[in-house]
Amino acid sequence: MKARDNPFSAGRTESLSYRHNGMSKNGLLLKFRQLDYKAAIIGPKGSGKTTLLEELKRGLEDNGFIIHCVFVNDEKPLSKDARKNLFARLKKGDIVILDGADLLSKQEWRRFKSKIVKCAGGLLITSHRQDLLATLIECSTSPELFSELASHLAVGESHPSEELLNKIYAEHKGNIRNCFRHLYDMYADKQPAVNK
Amino acid sequence: MKMGSLDIKLSDNRTAFKPCEKISGRAEWQLENNPEALELSLFWQTEGKGTKDSGIAETIRFDNPGSVGSRIFSLRLPSGPYSFSGKLISIIWNLELAEAKGKDAIQKSIIISPTEKEIVCTDLISDSEEEGHKNSFLKFTGKFKFSSHRF
């Protein structure tokens, strides 16, 4: 199968919206305000933290906030220059969004947080750990969620069976991003096992 | 044309071209607002297993276009990369007509290839060979300006 036709391509999986289980987007924005605009989205890898972060970012922008985004991952740590550029642009009342806060060292995090609190108004982060900021929400996944998302993406294609989806979900320990990559490879090879 | 719509019409309704070919067409719009400018962009994007990349090859700006109108355009296509699909990555060329400061946009996919057909390598090469093609492509695209893009 061509990459462009694969129902589990990154472009398609990244366009999925966050599935709220409990609090709605507006409820989360209200809670973020109640937490004085300093809060963390917590959860394991592949649980939808970044997807939710993007959704809240749009919600905050719609409410008139100026947002500055910083994305940190294992391959792309927060550089001195990027930090300097960010700090130079900050104004009171702005909100900084930091995806991957737990990848900063303790010292880096302390400096970053204190600078943002001093120069901007808010800080919304994602983290695997709970000890950085007050928790806004804890993201989690379930086999049912994975099944719903996979069925949504595979519209018009042969659907993987529930049994197979449960097996993939367990193999990747609930990391839905990795589950999608697994399905991508299966569809790329057009393995007949998809329907078994 | 419906209100609130944008359209790109290519000469002779062609959608496949050779590298470096000159292409022409007409950009049309019928909008509810009066935009400051419209932009017609030629850009590539990747689709596949990895993170999406994109880059703009050329942009034509139509200042003060009015809420209803059309403009004829022409532009020279780049020499590459060619439209390509493997199992791991597809390279897709698009023309996009968009409001410079707005959310309205329309995209039209085109093929750029010496044969005027997308180069397909899903069965011909192994994953490692395709990975090699992908790396060559990424080096090649270093010639273009990378930028974030609306999708």
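Letters A, B, ... mirror the listed sequences (proteins, then strands); counts begin at 1.
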May I ask you to check whether over 12 heavy atoms, not counting those of [X], lie within 6.0 Å of atom [atom1]?
X	atom1	result
A/Lys80	NZ	no
A/Lys31	NZ	yes
B/Asn13	CG	no
B/Arg14	CZ	yes
A/Ile66	CD1	no

query = Do the charged groups of A/Lys2 and B/Glu118 touch, with an N to O distance under 4.0 Å?
reply =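 Yes, charged N to carboxylate O under 4.0 Å.
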
request  = State whether the side chain of B/Glu47 and the backbone N or O of A/Ala3 hold a donor-acceptor pair below 3.5 Å, judged by distance alone.
outcome  =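 Here the side-chain-to-backbone pair does not exist.
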
ask   = Given B/Lys87, which of A/Asp5, A/Asp189, A/Asp185 fulfils the salt bridge (charged side-chain N to carboxylate O under 4.0 Å, His left out) condition?
value =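 Going through the options one by one, the only one that passes is A/Asp189.
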
inquiry  = Ignoring hydrogens, what is the shortest heavy-atom contact between B/Lys49 and A/Ala10? Give both atom names and the distance.
reply    =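 In terms of heavy atoms, the two residues are closest at O-CB, 3.9 Å.
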
ask   = Minimum heavy-atom separation for B/Ser90 to A/Arg4, with atom names?
value =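 Of all heavy-atom pairs spanning B/Ser90 and A/Arg4, the closest is OG-N, 2.8 Å.
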
